[in-house]
Amino acid sequence: MTVGAFSEWRKLPVSLSELCINTTLRCGQSFRWHNVPDSDEWRCVLHGRLLSLKQDPTHLYYRTYLPSHPPQNTISPPPPPPKTAAAIPPTQQKASPPPTDHISTPTNDDDDPILPLLTAYFNLPANLTTLYEGWSQHDANFRRKAPQFTGIRILRQDAWEALIAFICSSNNNIARISQMVEKLCRRYGAFVATVDGRAYHDFPGPEAMVGDADDGEEGVDVEATLRGLGFGYRAKYIGQTARIVALEREEGWLEGLRNPESVALGYAGSLGGEGGSGDAGEWKEEGREGYRLAHAKLLELQGVGPKVADCVCLMGLGWGEAVPVDTHVWQIAQRDYKFGKGSHKSLNKVLYDAVGNHFRRLWGKEAGWAQSVLFTANLRTFSDRLAATSSKVGVKVEVKDEEGGNDGVEVKTEVTTATAIPLKRAASEDGVKVKAEDDTDTHAVLQASQTTTTRRMSKRLRKR
DNA sequence: CTTTGACCTGGCTGG
DNA sequence: ACAGCCAGGTCAAAT
């Protein structure tokens, strides 16, 4: 078996407050990035290339995998042998950035096609620090939470990939969504490379998921195949949506719904802007025309409701004002922004729009970006950062009792162990990264922000 | 129109 | 260890 090799690392100056990949890549935007075990390296196939990323406080490091032979465009190769030899020398696998003499800074973009790709994917021209400042200025709740969740950017993902991934996300958890997307790529996506015993595939286009009724081969029915892969009822939605997009819509239909200020590749965005190439329309509280139109068109697809449509608008089509209102954002709206106190308790269409409008009014044109910060803060996987903070300051956390029966009764709970437990467990589970010394608080918080382990937390600590 | 259920599956949680 | 709950919703039928 022939193997390729990674290019040398290149680096790009980026601070952790402008981009934190360890948060951004696992906060439920993309479900495809793979954290190489026992390292801080992340890998994913983007536009047919296997990319590898890591980061330190001053730079983003990146490299690409170069196969020894051009990748075949065949579908679903035989599964790789369980333990293929590592394609890179083990000495290169450690966590911290490699020695400086192996890193080059690209001098011109011509010999480095990856840089523009990353610039677009991470929306790098947008100045996140400035955006955070703006949101903090207008919103005390954001100001309180954001310091523990810096560097969270909206990714500019492929719109089709975002569409399928978020159809998978309905009534589902992030761990399983990631598994499903991986299975989808393995079954329908082009094989790119096998590295360290793991096969990497590109995300398949809609035409690859249409199925072929003509040849009587078994497994050609997309819905049946996906059900076999554990997709549940989403299998039908994906099959139908792929068929609609591939057969009933003209070529480039989905891309055509994109924010014209956010061109597909090569950045021309308004966000930090070297001047947009198109006019995205007049700003309104309910969002610009183009966004409303894109949202409406997406709703015509199967398995796409308002929330999924907003995810695609925000992360796949460059509409920064799209605010997906899911259970988390609804919780946030109720808990921190006084929504749902009156007669209505459930999230209907009117309330869905009202929540979005409220956040657009509060946060402005990139409300969806701000939403993702608070959304992340509300995820179980990350909530210990808030627990650590509150106990550090020595506050008592008020917990509203949501269990049945005693409506309106507030139970006050003192959190006494927040700092000790989560961070100590981080140390033991990660082994390498965190030493259980008497870290200063800021040090501890930084490490918490860098750990990749998912920890469990008592229900008591979770609520807030 | 708004309001309910049903819907697949497996990770996560608590007793 | 092991049920039962729940997870970044959506659809369709019924009220």
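In what follows, chains are A, B, ... by sequence order, proteins preceding strands, each numbered from 1.
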Distance check needed: [N] [atom2] versus [X] [atom1], whole Å only.
X	N	atom1	atom2	result
A:D326	C:dC6	CG	P	17 Å
A:N348	C:dG9	CG	P	16 Å
A:R26	C:dG8	CZ	C1'	16 Å
A:K183	B:dG11	NZ	C1'	12 Å
A:F31	B:dG11	CZ	P	16 Å
A:M180	B:dG10	CE	P	10 Å
A:R380	B:dG11	CZ	P	13 Å
A:L347	B:dT4	CG	C1'	15 Å

Item to complete: Only counting residues at least two apart or in another chain, list the ones meeting side chain to side chain donor-acceptor pair (under 3.5 Å) with A:N171.
Response: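 Side chain to side chain donor-acceptor pair (under 3.5 Å) list for A:N171, sorted by chain: empty.
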
Fill in: Dot-bracket notation for DNA chain C, counting Watson-Crick and G-U pairs under 3.5 Å, with | for partners on another strand
.||||||.||||||.

Of all residues at least two apart in sequence or in a different chain, which pass the salt bridge (Lys or Arg N to Asp or Glu O under 4.0 Å) check with [X]?
X	result
A:R176	none
A:R292	none
A:E133	none
A:E182	A:R186, A:R198

Discussion item. As a test of reading the structure: which of C:dG8, C:dT10, B:dT13 is closest to the side chain of A:P306, going by heavy atoms?
Written reply: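 For A:P306, the side-chain atoms sit closest to C:dT10.
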
For [X], enumerate each residue passing the side chain to side chain contact (heavy atoms under 4.5 Å, CB included) test, keeping only those at least two apart in sequence or located in another chain.
X	result
A:T376	A:T23, A:C27, A:F149, A:I152, A:F382
A:C185	A:R32, A:V181, A:H201, A:F203, A:P204
A:T327	none

Worksheet item: Going by the angle between their ring planes, with limits at 30° and 60°, are A:Y337 and A:H358 parallel, tilted or perpendicular?
Response: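 Geometry flag for A:H358 against A:Y337: perpendicular rings.
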
Fill in: P spacing across the pair C:dT15 / B:dA6, given as an integer number of angstrom
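To the nearest whole Å, 14 Å.
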
Discussion item. Between C:dG8 and B:dG5, how many Å separate the two P atoms, rounded to a whole number?
Written reply: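 The same atom, P, in both gives a distance of 24 Å.
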
Any base atoms under 4.0 Å from [X], or only sugar-phosphate, or nothing? Heavy atoms, all strands.
X	value
A:V304	sugar-phosphate
A:V308	sugar-phosphate
A:L301	sugar-phosphate

Worksheet item: How far does NZ of A:K54 sit from CG of A:N22, to the nearest 0.5 angstrom?
Response: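 Reported to 0.5 Å precision, the distance equals 13.5 Å.
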
Worksheet entry | Any residue of residues 229-240 of chain A with a heavy atom less than 4.0 Å from an atom of DNA chain C |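 Within this stretch, A:Y233, A:Y237 sit under 4.0 Å of the strand.
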
Kindly list each side-chain donor-acceptor pair under 3.5 angstrom involving residues 296-318 of chain A, sequence neighbours excluded, with atom names and distances?
residue, atom, partner, partner atom, Å
A:E300, OE1, A:R249, NH2, 3.3
A:D310, OD1, A:Y291, OH, 2.5
A:D310, OD2, A:Y352, OH, 2.6

Worksheet item: Does a side-chain N or O from A:Q371 land closer than 4.0 Å to OP1 or OP2 of C:dG8, or not?
Response: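 No, outside the criterion.
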
Practice prompt. Check whether any side-chain N or O of A:T327 sits under 4.0 Å from OP1 or OP2 of C:dA7, and answer yes or no.
Written response: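 No, A:T327 has no side-chain N/O under 4.0 Å of OP1/OP2 on C:dA7.
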
Discussion item. Taking the ring of A:F359 and the ring of A:F142, is the distance between their centroids below 6.0 Å?
Written reply: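 Ring-ring flag for A:F142/A:F359: false, centres at least 6.0 Å apart.
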
Fill in: Residues from residues 158-177 of chain A lying under 4.0 Å of DNA chain B - heavy atoms
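Heavy-atom contacts with DNA chain B come from A:N171, A:N173, A:R176.
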
